[in-house]
Amino acid sequence: PKRDWSSDVCSSDLDATFCERLVSLSPELFILAGYGPIVPAATLALPGRGTINLHAGKLPEYRGSSPLNWALINGEDSFTLSVIKADAGVDTGEVLVEQTFPIDPDDSIARLHEIANDAFPRMMLQAVRDIRDGHGRGRVQNRAASRYWPLRFPDDGAILFDRLTAREIHNRIRALTVPYPCAFTAFNGRKVNLLRSALAQSDIRGEPGRIYRISDGRLLVGAADCCLWLAEAVFADTEEPLAAVARRY
(Lines give C-alpha, C1' and ligand atoms only; values in the text may rest on other atoms or scores of the structure.)
Protein backbone atom coordinates (compact mmCIF):
# COMPACT_ATOMS: atom_id res chain seq x y z
CA PRO A 1 0.00 0.00 0.00
CA LYS A 2 1.08 3.55 -0.68
CA ARG A 3 2.50 5.31 2.37
CA ASP A 4 0.67 8.37 3.70
CA TRP A 5 3.58 10.84 3.76
CA SER A 6 1.41 13.79 4.80
CA SER A 7 1.46 12.82 8.49
CA ASP A 8 5.29 12.78 8.45
CA VAL A 9 5.62 15.96 6.41
CA CYS A 10 3.36 17.99 8.67
CA SER A 11 4.33 19.81 11.84
CA SER A 12 2.57 22.25 14.13
CA ASP A 13 3.61 25.04 11.74
CA LEU A 14 2.26 23.41 8.58
CA ASP A 15 -1.40 23.07 7.62
CA ALA A 16 -2.49 19.48 6.85
CA THR A 17 -4.06 20.45 3.52
CA PHE A 18 -0.87 22.22 2.51
CA CYS A 19 1.17 19.14 3.44
CA GLU A 20 -1.05 16.91 1.31
CA ARG A 21 -0.59 19.32 -1.57
CA LEU A 22 3.21 19.16 -1.19
CA VAL A 23 3.15 15.37 -1.36
CA SER A 24 0.86 15.35 -4.41
CA LEU A 25 3.24 17.58 -6.37
CA SER A 26 6.06 14.99 -6.25
CA PRO A 27 8.53 17.91 -5.98
CA GLU A 28 12.05 17.78 -7.36
CA LEU A 29 13.57 20.51 -5.16
CA PHE A 30 12.49 22.72 -2.25
CA ILE A 31 13.94 26.17 -1.57
CA LEU A 32 13.59 27.78 1.85
CA ALA A 33 13.96 31.55 2.07
CA GLY A 34 13.17 33.63 5.13
CA TYR A 35 11.39 30.75 6.88
CA GLY A 36 12.12 30.54 10.59
CA PRO A 37 10.37 27.44 12.02
CA ILE A 38 12.10 24.05 12.05
CA VAL A 39 11.01 22.00 9.04
CA PRO A 40 10.43 18.27 9.69
CA ALA A 41 13.13 15.98 8.31
CA ALA A 42 10.52 14.14 6.23
CA THR A 43 9.57 17.42 4.54
CA LEU A 44 13.19 18.23 3.73
CA ALA A 45 13.66 14.76 2.21
CA LEU A 46 10.43 14.81 0.20
CA PRO A 47 11.88 16.35 -3.00
CA GLY A 48 13.97 14.03 -5.12
CA ARG A 49 16.92 16.46 -5.06
CA GLY A 50 16.47 17.57 -1.46
CA THR A 51 16.01 21.04 0.03
CA ILE A 52 18.25 24.09 -0.02
CA ASN A 53 18.10 27.03 2.36
CA LEU A 54 19.13 30.68 1.95
CA HIS A 55 20.91 31.79 5.13
CA ALA A 56 22.13 35.37 5.55
CA GLY A 57 25.13 34.53 7.70
CA LYS A 58 28.63 33.09 7.62
CA LEU A 59 28.67 29.41 8.54
CA PRO A 60 29.28 27.87 10.96
CA GLU A 61 30.03 31.08 12.91
CA TYR A 62 26.59 32.64 12.43
CA ARG A 63 24.09 29.83 12.80
CA GLY A 64 20.67 30.66 14.16
CA SER A 65 18.47 33.72 13.93
CA SER A 66 18.98 37.33 12.79
CA PRO A 67 22.52 36.85 11.40
CA LEU A 68 22.61 40.21 9.62
CA ASN A 69 21.55 42.10 12.74
CA TRP A 70 24.08 40.23 14.85
CA ALA A 71 26.89 40.93 12.37
CA LEU A 72 26.29 44.67 12.79
CA ILE A 73 25.85 44.47 16.56
CA ASN A 74 29.14 42.60 16.78
CA GLY A 75 30.93 45.24 14.71
CA GLU A 76 31.93 42.89 11.89
CA ASP A 77 33.66 44.46 8.87
CA SER A 78 32.10 41.92 6.48
CA PHE A 79 29.16 39.53 6.24
CA THR A 80 28.58 36.33 4.30
CA LEU A 81 25.50 35.00 2.52
CA SER A 82 25.18 31.22 2.31
CA VAL A 83 23.11 28.75 0.33
CA ILE A 84 23.14 25.44 2.14
CA LYS A 85 21.74 21.95 1.82
CA ALA A 86 19.08 21.78 4.52
CA ASP A 87 19.25 18.89 6.95
CA ALA A 88 17.71 18.00 10.31
CA GLY A 89 19.99 20.41 12.20
CA VAL A 90 19.75 24.18 12.50
CA ASP A 91 21.91 25.68 9.71
CA THR A 92 24.22 22.64 9.83
CA GLY A 93 24.06 21.45 6.21
CA GLU A 94 26.75 21.53 3.54
CA VAL A 95 27.47 25.03 2.20
CA LEU A 96 26.76 24.95 -1.54
CA VAL A 97 27.35 28.62 -2.44
CA GLU A 98 28.67 31.50 -0.33
CA GLN A 99 29.64 35.08 -0.96
CA THR A 100 31.19 37.68 1.34
CA PHE A 101 30.58 41.44 1.26
CA PRO A 102 32.27 44.33 3.11
CA ILE A 103 30.43 46.29 5.79
CA ASP A 104 31.15 50.01 5.88
CA PRO A 105 31.33 51.65 9.33
CA ASP A 106 27.99 53.41 8.86
CA ASP A 107 26.09 50.72 6.94
CA SER A 108 22.67 50.02 8.42
CA ILE A 109 20.60 46.83 8.42
CA ALA A 110 18.60 48.24 5.51
CA ARG A 111 21.77 48.41 3.42
CA LEU A 112 22.71 44.81 4.26
CA HIS A 113 19.21 43.66 3.30
CA GLU A 114 19.53 45.53 0.01
CA ILE A 115 22.77 43.70 -0.77
CA ALA A 116 21.30 40.33 0.26
CA ASN A 117 18.13 40.82 -1.80
CA ASP A 118 20.26 41.57 -4.84
CA ALA A 119 22.71 38.69 -4.40
CA PHE A 120 20.55 35.83 -3.15
CA PRO A 121 18.63 35.18 -6.40
CA ARG A 122 21.88 34.76 -8.34
CA MET A 123 23.37 32.55 -5.64
CA MET A 124 20.22 30.42 -5.53
CA LEU A 125 20.27 29.92 -9.31
CA GLN A 126 23.91 28.89 -9.16
CA ALA A 127 23.11 26.30 -6.49
CA VAL A 128 20.17 24.96 -8.52
CA ARG A 129 22.30 24.69 -11.65
CA ASP A 130 25.03 22.87 -9.72
CA ILE A 131 22.49 20.40 -8.34
CA ARG A 132 20.99 19.90 -11.80
CA ASP A 133 24.43 19.22 -13.28
CA GLY A 134 25.39 16.78 -10.56
CA HIS A 135 27.74 19.12 -8.68
CA GLY A 136 25.62 19.49 -5.56
CA ARG A 137 28.29 18.58 -3.04
CA GLY A 138 29.34 21.46 -0.82
CA ARG A 139 31.67 22.44 1.99
CA VAL A 140 31.14 20.47 5.18
CA GLN A 141 30.92 22.81 8.15
CA ASN A 142 33.44 22.67 10.96
CA ARG A 143 31.36 21.80 14.02
CA ALA A 144 34.11 22.93 16.40
CA ALA A 145 33.80 26.50 15.09
CA SER A 146 30.00 26.69 15.27
CA ARG A 147 28.17 29.47 17.11
CA TYR A 148 24.43 29.92 17.49
CA TRP A 149 22.77 33.32 17.78
CA PRO A 150 19.25 33.75 19.23
CA LEU A 151 16.17 35.46 17.88
CA ARG A 152 16.02 39.12 18.84
CA PHE A 153 12.96 40.81 20.36
CA PRO A 154 11.96 44.51 20.35
CA ASP A 155 12.83 44.96 24.04
CA ASP A 156 16.41 43.92 23.27
CA GLY A 157 16.87 47.32 21.64
CA ALA A 158 17.03 49.24 24.93
CA ILE A 159 20.15 51.43 25.05
CA LEU A 160 21.83 51.85 28.43
CA PHE A 161 24.32 54.67 27.94
CA ASP A 162 26.24 53.87 31.11
CA ARG A 163 26.88 50.24 30.12
CA LEU A 164 27.70 50.49 26.42
CA THR A 165 30.55 52.22 24.62
CA ALA A 166 29.86 54.76 21.89
CA ARG A 167 30.76 52.21 19.23
CA GLU A 168 28.55 49.53 20.79
CA ILE A 169 25.62 51.97 20.83
CA HIS A 170 26.30 53.00 17.23
CA ASN A 171 26.40 49.35 16.16
CA ARG A 172 23.10 48.60 17.87
CA ILE A 173 21.36 51.62 16.37
CA ARG A 174 22.36 50.77 12.80
CA ALA A 175 21.59 47.07 13.36
CA LEU A 176 18.07 47.65 14.67
CA THR A 177 16.86 50.64 12.67
CA VAL A 178 13.99 50.60 10.14
CA PRO A 179 12.60 48.18 8.97
CA TYR A 180 13.11 46.79 12.49
CA PRO A 181 11.53 48.29 15.65
CA CYS A 182 14.69 50.36 16.36
CA ALA A 183 16.99 50.79 19.31
CA PHE A 184 15.43 53.09 21.89
CA THR A 185 15.94 55.14 25.01
CA ALA A 186 13.76 57.42 27.13
CA PHE A 187 13.52 61.19 27.58
CA ASN A 188 11.34 62.67 30.35
CA GLY A 189 9.48 59.39 30.61
CA ARG A 190 8.76 59.08 26.87
CA LYS A 191 10.16 56.41 24.59
CA VAL A 192 12.57 57.69 21.93
CA ASN A 193 13.44 55.61 18.87
CA LEU A 194 17.04 55.90 17.71
CA LEU A 195 17.19 55.63 13.92
CA ARG A 196 20.65 56.86 13.02
CA SER A 197 23.90 57.73 14.79
CA ALA A 198 27.50 58.67 14.09
CA LEU A 199 30.74 58.32 16.00
CA ALA A 200 32.26 61.62 17.07
CA GLN A 201 35.41 62.62 15.22
CA SER A 202 37.00 63.95 18.41
CA ASP A 203 37.44 62.09 21.69
CA ILE A 204 34.87 63.95 23.75
CA ARG A 205 34.18 62.55 27.22
CA GLY A 206 31.39 63.09 29.70
CA GLU A 207 28.66 61.52 31.82
CA PRO A 208 26.73 58.68 30.14
CA GLY A 209 23.31 59.71 28.87
CA ARG A 210 23.93 63.45 29.19
CA ILE A 211 23.36 65.74 26.19
CA TYR A 212 26.40 67.96 25.63
CA ARG A 213 25.68 69.58 22.31
CA ILE A 214 22.82 70.08 19.84
CA SER A 215 23.81 70.89 16.25
CA ASP A 216 21.82 70.63 12.99
CA GLY A 217 19.27 68.31 14.58
CA ARG A 218 21.95 66.04 16.07
CA LEU A 219 22.58 65.47 19.75
CA LEU A 220 26.02 64.75 21.21
CA VAL A 221 25.42 62.31 24.06
CA GLY A 222 27.81 60.67 26.50
CA ALA A 223 28.30 56.89 26.53
CA ALA A 224 30.31 54.64 28.85
CA ASP A 225 33.60 55.71 27.26
CA CYS A 226 33.08 58.80 25.11
CA CYS A 227 30.37 60.72 23.25
CA LEU A 228 28.56 59.91 20.03
CA TRP A 229 26.08 61.76 17.86
CA LEU A 230 22.43 60.76 17.78
CA ALA A 231 21.81 61.87 14.21
CA GLU A 232 18.14 60.91 14.08
CA ALA A 233 16.06 60.32 17.21
CA VAL A 234 12.28 60.66 17.35
CA PHE A 235 9.59 60.16 19.98
CA ALA A 236 7.92 56.79 19.43
CA ASP A 237 4.39 58.11 19.90
CA THR A 238 4.52 61.21 17.68
CA GLU A 239 7.71 60.82 15.59
CA GLU A 240 8.63 64.36 16.68
CA PRO A 241 12.42 64.85 16.59
CA LEU A 242 14.00 64.72 20.01
CA ALA A 243 16.29 67.58 19.04
CA ALA A 244 13.27 69.88 18.73
CA VAL A 245 12.56 69.74 22.44
CA ALA A 246 15.81 68.55 24.04
CA ARG A 247 18.21 70.88 25.79
CA ARG A 248 21.74 70.58 26.99
CA TYR A 249 21.84 69.49 30.61
Side-chain angles (χ1 to χ4, degrees), residues 1-71 78-101 109-152 179:
K2 184 176 180 181
R3 179 180 176 182
D4 179 14
W5 276 86
S6 59
S7 60
D8 298 324
V9 170
C10 267
S11 72
S12 59
D13 300 301
L14 298 175
D15 177 77
T17 302
F18 174 71
C19 294
E20 294 173 0
R21 177 62 175 160
L22 286 181
V23 174
S24 69
L25 291 172
S26 299
E28 187 172 356
L29 180 72
F30 281 162
I31 299 172
L32 298 175
Y35 187 74
I38 302 299
V39 179
T43 307
L44 299 176
L46 182 62
R49 296 178 182 266
T51 300
I52 62 176
N53 179 41
L54 311 186
H55 180 74
K58 182 180 181 181
L59 293 171
E61 293 86 350
Y62 275 91
R63 292 178 178 175
S65 182
S66 310
L68 292 179
N69 305 84
W70 281 114
S78 65
F79 72 101
T80 299
L81 303 178
S82 307
V83 180
I84 66 174
K85 183 176 181 180
D87 59 18
V90 178
D91 304 324
T92 56
E94 295 178 1
V95 179
L96 304 175
V97 181
E98 57 190 337
Q99 188 171 356
T100 299
F101 304 85
I109 187 63
R111 175 56 182 158
L112 268 58
H113 274 296
E114 181 181 298
I115 294 171
N117 291 339
D118 178 67
F120 260 142
R122 296 193 301 272
M123 296 172 63
M124 178 193 69
L125 289 175
Q126 180 181 338
V128 171
R129 285 193 294 265
D130 288 344
I131 292 172
R132 178 199 63 190
D133 298 338
H135 307 303
R137 296 288 297 178
R139 172 177 64 82
V140 176
Q141 296 186 40
N142 177 11
R143 292 178 58 187
S146 66
R147 299 172 187 164
Y148 283 91
W149 298 89
L151 178 68
R152 294 192 59 83

Salt-bridge test for K85 and E94: reply yes if a basic N is under 4.0 Å from a carboxylate O, no otherwise. no

Kindly check if the number of other-residue, nucleotide or ligand heavy atoms within 6.0 Å of CZ (R137) is above 12? no

Is it the case that the side chain of Y148 and the backbone of V90 share a donor-acceptor pair, with hydrogens and angles ignored and the cut-off at 3.5 Å? yes

Value for OG1 (T43) from CD1 (I38), rounded to nearest 0.5 Å, stands at 12.0 Å

Are the side chain of D87 and the backbone N or O of G89 linked by a donor-acceptor pair below 3.5 Å? yes

Is there side-chain contact between P47 and E28, with heavy atoms separated by less than 4.5 Å? no

From W149 atom CH2 to S66 atom OG, the distance as rounded to the nearest 0.5 Å: 11.5 Å

Do P27 and L46 come close enough that some side-chain heavy atom pair is under 4.5 Å? yes

Check: L96 and I131 side chains under 4.5 Å, non-hydrogen atoms: yes

If you round to the nearest 0.5 Å, how far is OG1 of T51 from CG of L29? 7.0 Å

In terms of heavy-atom contacts, F101 and A119 come closest through CZ-CB, 3.6 Å

Would the distance check show the side chain of S82 and the main-chain N or O of G57 forming a donor-acceptor pair, the cut-off being under 3.5 Å? yes

Taking the side chain as every heavy atom from C-beta outward, state whether H135 and R129 have any pair of such atoms under 4.5 Å apart. no

Check V83 against M124 and note the closest heavy-atom contact, atom names and distance. CG2-N, 4.3 Å

Distance check, rounded to the nearest 0.5 Å: L44 atom CG versus F30 atom CZ? 9.0 Å

Check whether any side-chain heavy atom of I115 sits under 4.5 Å from a side-chain heavy atom of F79, and report yes or no. yes

Salt-bridge present (K58, E98; N to O < 4.0 Å): no

Nearest-0.5 Å distance, CG of residue L32 to CG of residue N53: 5.0 Å

Would you say the side-chain atoms of W70 pair up with the backbone N or O of P150, donor to acceptor, closer than 3.5 Å? yes

Using 0.5 Å steps for rounding, measure from the CD atom of E61 to the CG atom of D91. 12.5 Å

Specify the closest pair of heavy atoms between L81 and A116, including all atoms of both residues, with the distance to one decimal. CD1-CA, 3.6 Å

Is the shortest side-chain heavy-atom distance between L59 and I84 below 4.5 Å? yes

When you measure from the side chain of N117 to the backbone of H113, do you find a donor-acceptor pair of N or O atoms at a distance under 3.5 Å? yes

Establish, from distance only, whether the side-chain atoms of T80 and T100 form a donor-acceptor pair under 3.5 Å. yes

Donor-acceptor pair between R122 and Q99 side chains, under 3.5 angstrom: no

Looking at every non-hydrogen atom in both residues, tell me the closest pair between H55 and G64 and how far apart they are. CE1-O, 3.4 Å

